[in-house]
Amino acid sequence: MKMKKYLAPSMKDGLELMRKELGDDAIILSTRTVKSSEGDIVEIVATNEEPSAYSLPERLESQGGVPEKEETAPTRKRNSSPKRNELKKRELQQVTQSTDVGDTVNLVQLRREIAEMRSTLDGLRDAIRYRHSATLGKLYNDLYKKLRNAELSEDESLRYIGLLAARGPFPSIEEALRTLRMLVTEHLRVIPPLEPKSHCTTALFVGTTGSGKTITIAKLAAVCKLLFKANVLIISSDTYKVGGTDQLQTFASIAGIPFEVAYNSQELRQIVKQEKSKRDIILIDTVGRSQRDKKMLLELSAYREAALPDITYLVQSATVNEHTFLDVMDKFSILSPDALILTKIDEAVSLGALIGILRKQTLPLAYFTTGQSIPDDIEPADVERIGTHIIPEL
Ligand SMILES: Nc1nc2c(ncn2[C@@H]2O[C@H](COP(=O)(O)OP(=O)(O)OP(=O)(O)O)[C@@H](O)[C@H]2O)c(=O)[nH]1
Ligand SMILES: [Mg+2]
């Protein structure tokens with residue numbers, strides 16, 4: 001297979017060169033960006049022959065099969081002798097083993113072709129993923145790749161690099177990194193974590209089924225009790241599903257945290273009214289509701305009106321797709337949430353991918369949860385930490 005290498009200042013130019021010479025059927029075997037004294041250039045290795053055009057001798061040669069063939073061929077011209085007989089025997093052995101050898105050859109060949117295809121695909125993926133790299137200088141190029149690696153979309157990454165370039169030049173890479181982190185996170189708003197105040201703080205937790213409300217309440221109750229020595233009360237109003245209150249009740253009894261169950265909104269109103277003067281923090285769990293069920297959401301809002309919380313947290317999993325995420329934010333807005341708790345960050349593809357989604361909603365972030373461990377896997381939202389998480393050091 002004949003391969004040709006093309007060097008050009010950009011992928012577009014390289015592809016044009018390649019097509020001019022090899023035609024439209026050219027097969028790209030690899031692409032990469034190489035450094036030169038005049039800056040980055042794109043290298044494309046291509047062919048216009050199908051990989052199946054490998055001839056058998058070529059295959060054997062490449063697998064070290066040729067020497068044996070060369071050794072056996074001249075023996076046919078020689079006279080009979082012990083050496084000749086020996087060689088004949090070897091030839092015969094080779095024939096009887098030919099099926100095995102053929103299989104091995106095919107397997108090795110197949111493996112090699114798969115490896116070639118993989119490297120071609122990797123090259124194409126990189127060529128697509130970093131197709132703007134060739135036009136950027138080294139610093140912006142490195143930072144652009146960092147954003148793409150953090151799963152920010154191409155448009156998003158280019159936009160941030162454009163914004164960054166407008167603020168340059170930078171005295172150091174660290175300074176450029178700091179500015180980029182600031183740009184990527186500047187639309188994020190956060191609110192301070194729960195802590196005891198001079199008056200009782202009542203917090204209501206709402207969200208879709210399984211979003212992580214109950215376990216988040218357990219984590220926060222433990223943090224508030226252990227860290228702030230706060231007088232915490234947990235109220236569960238999740239009497240809808242079988243065993244809805246059991247999980248929290250068990251946790252509360254182990255952790256020595258007072259626990260109440262409210263079977264309807266009136267009861268919830270009553271309990272909150274009675275307990276408010278005695279507690280620093282009241283955490284209220286609710287039943288999970290689908291954002292698509294308007295009737296159930298209205299029912300939830302009756303609980304909200306009864307509890308009159310100081311803060312309503314919308315607990316949302318980071319693992320759902322953008323469409324669902326924004327739909328939840330939209331539909332749950334009838335409950336007037338004040339802040340967002342983003343759960344299951346540990347299961348999400350990446351925080352970078354969430355940045356674009358978070359920009360499209362308006363709630364401030366309160367907490368991230370990063371696992372199932374109580375109370376360790378929760379942290380207050382912190383813009384600087386989010387920035388470093390998305391764009392680590394170079
Ligand atoms: N990996 C991971 N799992 C989590 C996290 N938060 C919650 N979970 C798990 O998600 C599942 C649902 O959590 P729950 O706290 O019961 O969710 P919920 O919102 O109370 O669910 P419903 O009451 O059914 O609406 C449980 O298995 C939790 O352990 C997290 O941050 N990371
Ligand atoms: Mg629950």
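Ligands are counted one by one from 1 in listed order, and the atoms in each one are counted from 1 as well. Just so we're clear, the structure is a prediction, and the values are computed from it rather than from any experiment.
If you check the side chains of Glu113 and Gln109, you find a donor sitting under 3.5 Å from an acceptor. For the residue pair Asp285/Thr214, the side-chain donor-acceptor check at 3.5 Å is satisfied.
The main-chain N or O of Pro171 is never found under 3.5 Å from a side-chain atom of Glu175 such that the two would form a donor-acceptor pair. A donor-acceptor pair under 3.5 Å is formed between the side chain of Arg181 and the backbone N or O of Ile391. Checked by atom type and distance alone, the side chain of Lys225 pairs as donor or acceptor with a backbone atom of Gly256 at under 3.5 Å. In this structure, Lys213 contributes its side chain and Thr208 its backbone to a donor-acceptor pair below 3.5 Å.
Around the Mg ion (ligand 2), the protein atoms of type N, O or S that sit closer than 2.8 Å are Thr214 OG1.
Electrostatic pairing of Arg159 and Asp155 does not count as a salt bridge here, judged by no charged N lying under 4.0 Å from a carboxylate O.
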_Apply side-chain contact (heavy atoms from CB on, under 4.5 Å) to residues Ile345 and Thr370 and explain how you reach the verdict._
CA-CA 5 Å; Ile345 293 286; Thr370 53; 4.1 Å; yes

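Across all their heavy atoms, Ala221 and Phe251 have their closest contact at CB-CE2, 4.2 Å.
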Run through all N or O atoms in ligand 1 and write down each protein N or O closer than 3.5 Å, as a pair with its distance.
unit_1, atom_1, unit_2, atom_2, d
ligand 1, 1 (N), Asp346, OD2, 2.7
ligand 1, 1 (N), Glu347, OE2, 3.0
ligand 1, 10 (O), Lys344, NZ, 3.3
ligand 1, 15 (O), Thr214, N, 3.3
ligand 1, 15 (O), Ile215, N, 2.8
ligand 1, 17 (O), Gly212, N, 3.0
ligand 1, 19 (O), Ser211, N, 3.1
ligand 1, 19 (O), Gly212, N, 2.8
ligand 1, 19 (O), Lys213, N, 2.9
ligand 1, 19 (O), Lys213, NZ, 2.7
ligand 1, 20 (O), Thr214, N, 3.0
ligand 1, 20 (O), Thr214, OG1, 2.7
ligand 1, 21 (O), Gly210, N, 3.0
ligand 1, 23 (O), Lys241, NZ, 2.7
ligand 1, 24 (O), Lys241, NZ, 3.2
ligand 1, 25 (O), Gly210, N, 3.0
ligand 1, 25 (O), Lys213, NZ, 2.8
ligand 1, 25 (O), Gly288, N, 3.4
ligand 1, 27 (O), Gln372, NE2, 3.4
ligand 1, 29 (O), Gln372, NE2, 2.8
ligand 1, 31 (O), Lys344, N, 3.0
ligand 1, 31 (O), Thr369, O, 3.4
ligand 1, 31 (O), Thr369, OG1, 2.6
ligand 1, 31 (O), Gly371, N, 3.1
ligand 1, 31 (O), Gly371, O, 3.3
ligand 1, 32 (N), Asp346, OD1, 2.8
ligand 1, 32 (N), Asp346, OD2, 3.4
ligand 1, 32 (N), Gly371, N, 3.3

